[in-house]
Chemist: 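One structure coming up, written as structure tokens, with questions to follow.
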Amino acid sequence: MDVPAGLLTADAVRLDVELADREEAIRYAGRLLVEVGAVPDAYVGSMLQRERTTTTNLGRGFAIPHGSEGSQALVLRDALCVVRLARPVPWGASEVDVAVGIAAQGDAHAPALGRLARLINDPAQSAALRAETDPEAVVRLLVG
């Protein structure tokens, strides 16, 4: 299955952002989803609530912050955002330096998450994402 066009765009990618901790990173990703018109402000609180109940840390430095159960009704359109941190922050049992925020009404984002899972498990691809300076190239790495 192909990744829907417009799910991740360069204006939803921020590279080498200085953030202090997990909560700040989740808020930043949430605000980015608000900026691109995917969700209202209330969704950010839902993302923080989700993290309080179940960590979104995938390991290997990646996390996928997203809304809590039932927050799909807040989503205006499916979208992803990427926040690459300048320095890893503690996120549950390990540290994270790449947060891929998710706003989804259904499962249109599933192909992108599949690509992300493959990227996380491929050291060369993970290194390429962490070294990339062009938001458009980050989009191509994650959604083609």
Side-chain angles (χ1 to χ4, degrees), residues 3-4 6-143:
V3 175
L7 186 68
L8 175 64
T9 54
D11 62 336
V13 175
R14 298 291 188 277
L15 304 175
D16 302 324
V17 179
E18 288 282 346
L19 298 171
D21 56 31
R22 169 178 60 180
E23 184 170 324
E24 194 174 346
I26 293 168
R27 286 185 190 281
Y28 191 95
R31 284 193 308 271
L32 194 46
L33 290 169
V34 171
E35 281 179 32
V36 299
V39 297
D41 289 332
Y43 189 79
V44 179
S46 177
M47 293 172 77
L48 292 165
Q49 178 61 39
R50 172 63 181 235
E51 196 66 36
R52 283 191 279 277
T53 58
T54 307
T55 186
T56 57
N57 183 342
L58 298 176
R60 298 190 177 156
F62 288 84
I64 53 168
H66 55 283
S68 60
E69 198 65 38
S71 67
Q72 297 87 346
L74 294 172
V75 176
L76 305 171
R77 71 173 182 85
D78 288 2
L80 300 177
C81 70
V82 175
V83 180
R84 189 177 71 202
L85 306 175
R87 287 184 322 273
V89 297
W91 199 301
S94 62
E95 291 186 322
V96 165
D97 65 338
V98 179
V100 178
I102 302 170
Q105 294 171 324
D107 62 356
H109 64 292
L113 291 183
R115 287 182 70 126
L116 177 61
R118 288 188 294 280
L119 183 142
I120 290 170
N121 289 313
D122 181 330
Q125 288 266 355
S126 291
L129 177 68
R130 287 185 169 103
E132 191 51 66
T133 59
D134 177 18
E136 291 284 352
V138 170
V139 171
R140 286 191 299 275
L141 275 169
L142 287 175
V143 298

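Count residues from 1 along the sequence.
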Chemist: Report the residues that fulfil salt bridge (Lys or Arg N to Asp or Glu O under 4.0 Å) with Glu51, sequence neighbours left out, ordered by chain and then residue number.
Modeler: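 With sequence neighbours excluded, Glu51 shows a salt bridge (Lys or Arg N to Asp or Glu O under 4.0 Å) to Arg22, given in chain and number order.
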Chemist: Under the 3.5 angstrom rule, does the side chain of Gln49 hit a backbone N or O of Gly45 as a donor-acceptor pair?
Modeler: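 No, the answer is negative, given that no donor and acceptor are paired below the 3.5 Å cut-off.
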Chemist: For residues 25-44, pull every pair meeting salt bridge (Lys or Arg N to Asp or Glu O under 4.0 Å), keeping only residues two or more places apart or in separate chains.
Modeler: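 For residues 25-44: Arg14-Glu35, Glu23-Arg27.
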Chemist: To the nearest 0.5 Å, tell me how far Leu129 CG sits from Asp122 CG.
Modeler: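 Nearest 0.5 Å value for the CG-CG distance: 11.5 Å.
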Chemist: Between Arg60 and Asn121, does the side chain to side chain contact (heavy atoms under 4.5 Å, CB included) criterion hold? Intermediate values first, please.
Modeler: CA-CA 8 Å; Arg60 298 190 177 156; Asn121 289 313; 2.3 Å; yes
Chemist: Let me confirm one number: the CG-NE2 distance from Leu33 to His66, rounded to the nearest 0.5 Å.
Modeler: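 Result: 12.0 Å between the selected atoms.
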Chemist: Looking only at the side chains, is there a donor atom on one of Asp11 and Thr9 sitting less than 3.5 Å from an acceptor on the other?
Modeler: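 A donor-acceptor contact under 3.5 Å links the two side chains.
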Chemist: With a 4.5 Å heavy-atom cut-off, do Leu80 and Leu116 have their side chains touching?
Modeler: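 When only atoms from C-beta onward are counted, Leu116 and Leu80 do not touch, as no gap falls below 4.5 Å.
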Chemist: Are the side chains of Val36 and Cys81 in contact, using a 4.5 Å heavy-atom criterion?
Modeler: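 Answer no - side chains too far apart.
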Chemist: Using side chain to side chain contact (heavy atoms under 4.5 Å, CB included) as the criterion, point out the one residue from Val13, Leu58, Ile64 that pairs with Val100.
Modeler: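 The option that passes is Ile64.
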Chemist: For residues Arg118 and Gln125, determine if any side-chain heavy atom of one lies less than 4.5 Å from a side-chain heavy atom of the other.
Modeler: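 When only atoms from C-beta onward are counted, Gln125 and Arg118 do not touch, as no gap falls below 4.5 Å.
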Chemist: Just wondering, do Leu74 and Val39 contact through their side chains at under 4.5 Å, heavy atoms?
Modeler: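 No, their side chains stay 4.5 Å or more apart.
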Chemist: Looking at every heavy atom in both Arg115 and Leu141, which two are closest together, and how far apart are they?
Modeler: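 In terms of heavy atoms, the two residues are closest at NH2-O, 3.8 Å.
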Chemist: Report the distance from atom CD of Gln105 to atom CZ of Arg77, rounding to the nearest 0.5 Å.
Modeler: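 Reported to 0.5 Å precision, the distance equals 10.5 Å.
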Chemist: What heavy-atom pair brings Leu32 and Val82 nearest, and what distance separates the two atoms?
Modeler: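 Heavy atoms only, the tightest pair is CD2-O, 4.1 Å.
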Chemist: What's the separation between atom CG in Asp78 and atom CG in Leu8, rounded to the nearest 0.5 Å?
Modeler: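 So the gap between those two atoms works out to 12.5 Å.
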Chemist: Could you state the interatomic distance from OG (Ser68) to CG (Leu48), rounded to the nearest 0.5 Å?
Modeler: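 Output value for this atom pair is 10.0 Å.
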Chemist: Write out all pairs satisfying salt bridge (Lys or Arg N to Asp or Glu O under 4.0 Å) with one or both partners inside residues 83-99, taking only residues at least two apart or from two chains.
Modeler: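 Non-adjacent pairs meeting salt bridge (Lys or Arg N to Asp or Glu O under 4.0 Å): Asp16-Arg84, Glu18-Arg87, Asp97-Arg130.
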Chemist: Ala103 and Tyr43: which non-hydrogen atoms are nearest, and at how many Å?
Modeler: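 That would be CA-OH, 3.6 Å.
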Chemist: Any side-chain heavy atom of Arg140 sitting closer than 4.5 Å to one from Val138?
Modeler: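 With C-beta onward as the side chain, the pair stays apart.
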Chemist: So, taking the atom named CH2 in Trp91 and the one named OG1 in Thr56, what distance separates them when rounded to the nearest 0.5 Å?
Modeler: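 It is 5.0 Å, given to the nearest 0.5 Å.
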Chemist: Looking at every non-hydrogen atom in both residues, tell me the closest pair between Phe62 and Leu119 and how far apart they are.
Modeler: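 Answer, listing the atom of Phe62 first, then Leu119: CZ-CD2, 3.8 Å.
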Chemist: Hey, are the side chains of Asp21 and Pro90 touching, using non-hydrogen atoms and a 4.5 Å cut-off?
Modeler: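 No, too far: nothing below the 4.5 Å cut-off.
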Chemist: Taking all non-hydrogen atoms of both residues, which atom of Glu132 and which atom of Asp134 are closest, and how far apart?
Modeler: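 Nearest heavy atoms, Glu132 then Asp134: OE2-N, 3.1 Å.
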Chemist: Looking at Met47 and Gly67, what are the two nearest heavy atoms and their distance?
Modeler: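 Of all heavy-atom pairs spanning Met47 and Gly67, the closest is CG-N, 3.9 Å.
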